[in-house]
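Contents: one structure, followed by commentary.
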Amino acid sequence: MKVINRVKDKQEFVSTVKKGKTLKETPYIVHFLKNELSVCRVGISVSKRIGNAVTRNRIKRQTRAMCDSLIDYSSHTFDVIIVVKPDFLNSDFNSNKEKLNNLLSKIGITK
């Protein structure tokens, strides 16, 4: 995922969560809000309750890889915040990817 496609600022995270719409499925909560930019941006949040820093970073890398294969960044203009829940660790990569695909297709930003 390119840097231009990431939500990094805390204020943007907070405004997307507060003002945007929410979708939920077992290991994820997805908040999304239309933005004024020409690209889709994604932010990933993993709680400390899930594990140590190594585990959280592994989950973020996996989620970024899922997003790269699922999202068409150039043709949509949304800010998407993906909150990963502890149930992520109970499933394998492909089932987690399928669940994320279901949520992102409801928003309409998949390839």
Side-chain angles (χ1 to χ4, degrees):
M1 182 182 315
K2 295 180 181 178
V3 176
I4 194 169
N5 297 112
R6 293 186 188 177
V7 178
K8 295 196 122 191
D9 187 34
K10 181 180 178 180
Q11 185 60 34
E12 293 171 342
F13 263 83
V14 171
S15 67
T16 302
V17 171
K18 285 189 177 184
K19 296 177 185 176
K21 296 181 181 179
T22 303
L23 295 173
K24 297 178 184 179
E25 195 161 327
T26 305
Y28 302 106
I29 298 175
V30 176
H31 304 278
F32 61 99
L33 181 66
K34 193 93 166 150
N35 67 23
E36 302 297 324
L37 304 172
S38 61
V39 294
C40 183
R41 299 186 309 166
V42 176
I44 300 168
S45 174
V46 182
S47 172
K48 285 186 178 182
R49 289 180 286 166
I50 291 182
N52 61 12
V54 175
T55 304
R56 293 192 311 268
N57 285 327
R58 180 177 50 85
I59 290 170
K60 284 189 268 188
R61 282 193 310 272
Q62 287 179 353
T63 306
R64 268 189 227 111
M66 291 176 200
C67 290
D68 284 342
S69 66
L70 296 173
I71 297 175
D72 185 10
Y73 292 105
S74 60
S75 62
H76 303 287
T77 58
F78 282 99
D79 284 344
V80 180
I81 305 298
I82 301 171
V83 180
V84 181
K85 293 301 192 180
D87 292 336
F88 184 91
L89 298 172
N90 298 334
S91 300
D92 63 342
F93 181 85
N94 290 327
S95 64
N96 285 332
K97 183 177 178 180
E98 184 62 34
K99 291 174 184 175
L100 184 60
N101 187 28
N102 291 340
L103 289 173
L104 295 176
S105 63
K106 288 179 184 176
I107 300 171
I109 60 173
T110 56
K111 291 182 180 177

- prompt: Taking C-beta and beyond as the side chain, do P27 and L100 meet within less than 4.5 Å on heavy atoms?
  reply: no
query: Is the side chain of N35 donor-acceptor paired with the backbone N or O of C40 at a distance under 3.5 Å, no angle test?
result: no
message: If I take atom CZ from residue F88 and atom CD1 from residue I50, how far apart are they, to the nearest 0.5 angstrom?
response: 8.5 Å
message: Please find the pair of heavy atoms, one from R56 and one from S47, that lie closest to each other, and give the distance.
response: CD-O, 3.3 Å
query: Under a 4.5 Å cut-off applied to non-hydrogen side-chain atoms, are K24 and T22 in contact?
result: yes
message: Under 3.5 Å, is there a donor on one side chain and an acceptor on the other for Y73 and D68?
response: yes
Enclosure of K21 NZ (heavy-atom neighbours >12, cutoff 6.0 Å): no
Same apolar cluster (I L V M F W Y, side chains within < 4.5 Å links), F13/V39: no
statement: d(E12 CD, I81 CD1) to nearest 0.5 Å is 8.5 Å
- prompt: Should T77 and K34 count as side-chain neighbours, where that means a heavy-atom distance under 4.5 Å?
  reply: yes
message: Set out, in order, the CA-CA distance, both residues' side-chain angles and the distance that settles side chain to side chain contact (heavy atoms under 4.5 Å, CB included) for V83 and Y28, then state yes or no.
response: CA-CA 6 Å; V83 180; Y28 302 106; over 6 Å; no
message: If I take atom CD1 from residue I109 and atom CZ from residue F78, how far apart are they, to the nearest 0.5 angstrom?
response: 7.0 Å
- prompt: Atom CG in L23, atom CD1 in I82: separation rounded to 0.5 Å?
  reply: 11.0 Å
task: Please examine the side chains of V80 and V30, heavy atoms only from C-beta on, and report whether any two atoms are closer than 4.5 Å.
output: yes
message: Quick one, I59 and L89 - any side-chain contact, counting heavy atoms below 4.5 Å?
response: yes
field: Smallest separation among heavy atoms of H76 and T110, with atom names
entry: NE2-O, 4.2 Å
- prompt: Can we say D79 and R41 salt-bridge, meaning some charged N sits less than 4.0 Å from an Asp/Glu carboxylate O?
  reply: yes
- request: Mind listing the closest non-hydrogen atom pair of S95 and D92 along with its distance?
  value: OG-OD1, 2.7 Å
message: Would K85 and T26 count as a side chain to side chain contact (heavy atoms under 4.5 Å, CB included) here? Give the steps.
response: CA-CA 8 Å; K85 293 301 192 180; T26 305; over 6 Å; no
query: Just wondering, are more than 12 heavy atoms of other shown residues or ligands nearer than 6.0 Å to NZ in K19?
result: no
- prompt: With hydrophobic residues grouped by side-chain heavy-atom distances under 4.5 Å, do V42 and I29 end up in a single group?
  reply: no
Contact summary for M66 and N96, nearest pair of heavy atoms: CE-CB, 3.8 Å
- line: OG (S75) and NZ (K111) are apart, to the nearest 0.5 Å, by 10.0 Å
- line: To the nearest 0.5 Å, atom CG of L70 lies from atom CD of E98 at 8.5 Å
- prompt: Same hydrophobic cluster for V7 and L104, using side-chain heavy-atom links shorter than 4.5 Å among ILVMFWY?
  reply: no
message: Hydrophobic clusters here meaning ILVMFWY residues chained together by side-chain heavy-atom distances under 4.5 Å, can you tell me if F93 and I44 are in one?
response: yes
